[in-house]
Amino acid sequence: MYKEKGLLIVLSGPSGVGKGTVRKALFSQDDIKFEYSISMTTRKPREGEVDGVDYFFKTREEFEALIKQGKLLEYAEFVGNYYGTPVDYVRETIESGRDIFLEIEVQGARQVREKFPDGLFIFLAPPSLSELRNRIVTRGTETDEVISKRLQTAKEELEMMDLYDYVVENDQVELACERIKAIVIAEHCRRERVAKRYKKMLEVE
Ligand code: 5GP
């Protein structure tokens with residue numbers, strides 16, 4: 001019997017765009033069918049965070065040992081701490097036919113793209129990117145330095161987008177969630193995916 005593999009969904013985007021907020025809002029909904037990949041980190045738990053729920057909290061030594069053992073699909077150092085995705089759970093979930101969802105920063109997303117080119121990569125973009133020009137023109141209160149810094153950041157963010165399949169603007173958390181869910185549904189209907197299933201079913205190639 002042909003078993004379709006699950007999707008690997010990666011949500012990433014610039015620092016401070018609200019990836020964590022969107023991901024939490026998404027997973028608080030009842031109709032979410034995908035699994036969340038809990039990351040490992042060496043940063044200390046914040047108040048209310050639970051080991052094994054929000055993150056697997058590790059020491060640097062433990063984390064470096066996991067890197068050596070090839071237990072991480074990707075990892076990155078971000079603001080002085082390691083963050084990484086345990087590879088086993090990702091593979092098991094995909095093989096079992098369920099979708100897995102990663103919320104990670106951009107260096108990690110790049111590594112996942114190399115290993116899973118067929119993944120579904122979603123870039124969460126700040127609304128400031130589309131509002132930028134408007135704001136600069138209409139406000140007129142910004143100094144030249146502030147304007148050029150903003151433009152530089154916006155350009156870097158635009159370049160980061162190149163790696164991704166979809167861009168979701170985080171103008172409102174609920175809207176961003178709806179767009180992500182719609183993208184996942186559409187991805188499941190992609191012709192290549194569906195045709196493969198039918199061909200296997202009919203045993204023709
Ligand atoms: P925070 O410390 O605020 O929870 O997360 C900091 C950053 O690390 C966020 O941008 C978050 O998306 C990213 N992050 C969380 N888990 C992982 C991971 O497993 N791998 C990578 N590369 N980044 C992660």
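In listed order, ligands and their atoms are each counted from 1.
- Atoms of ligand 1 lying under 4.0 Å from any heavy atom of Lys19, numbered from 1 in the order shown and given with element: 10 (O), 12 (O).
- Enclosure of atom CZ in Arg98 by more than 12 non-hydrogen atoms of other residues, nucleotides or ligands within 6.0 angstrom is indicated.
- Atom 15 (C) of ligand 1 has as its closest protein heavy atom Tyr55 OH, 3.3 Å.
- Distances from atom 18 (C) of ligand 1 to the heavy atoms of Val106, Leu102, Thr41, Ile104 show the closest one on Ile104.
- Ranking the protein heavy atoms by distance from atom 23 (N) of ligand 1 puts Glu105 N, 3.1 Å first.
- With respect to Arg91 and Glu95, no salt bridge is recorded, no charged nitrogen being found less than 4.0 Å from a carboxylate O.
- In this structure, Arg110 has no side chain to side chain donor-acceptor pair (under 3.5 Å) partners at least two apart in sequence or on a different chain.
- By the 4.5 Å heavy-atom criterion applied to side chains, Arg190 and Glu187 are counted as neighbours.
- Set against the non-hydrogen atoms of Ser39, the atoms of ligand 1 under 4.0 Å away are 16 (N), 17 (C), 18 (C), 19 (O).
- Heavy-atom contacts from other residues, nucleotides or ligands closer than 6.0 Å to CZ of Arg60 number more than 12.
- Between Arg179 and Asp171 there is a salt bridge, since a side-chain N of the basic residue sits under 4.0 Å from a carboxylate O of the acidic one.
- Looking at ligand 1, you won't find any N or O of Tyr75 less than 3.5 Å from one of its N or O atoms.
- Counting heavy atoms closer than 4.0 Å to ligand 1, residue Arg46 contributes side-chain atoms (C-beta onward) but none from N, CA, C or O.
- The ring pair (Phe, Tyr, Trp, His ring centres under 6.0 Å) contacts involving residues 98-129 comprise Phe27-Phe101, Phe34-Phe101, Phe123-Tyr164, where partners must be two or more places apart or lie in separate chains.
- Using a 4.0 angstrom heavy-atom cutoff, Gln111 does not count as in contact with ligand 1.
- For ligand 1, the atoms sitting less than 4.0 Å from at least one non-hydrogen atom of Phe78 are 6 (C), 7 (C), numbered in the order shown with element in parentheses.
- The proximity of Gln107 to ligand 1, defined as any non-hydrogen pair under 4.0 Å, does not occur for either the backbone or the side chain.
- Checked against a 3.5 angstrom limit, the closest N/O atoms of Gly84 and ligand 1 fall inside it.
- For ligand 1, the polar-atom distance check finds an N/O of Glu103 within less than 3.5 Å of one of the ligand's N/O atoms.
- Below 4.0 Å from some heavy atom of Thr85 lie the following atoms of ligand 1, by number and element: 19 (O).
- Close contacts between ligand 1 and Arg43 involve ligand atoms 1 (P), 2 (O), 4 (O) [criterion: under 4.0 Å to a heavy atom].
- Lys115 NZ: more than 12 foreign heavy atoms inside a 6.0 Å radius.
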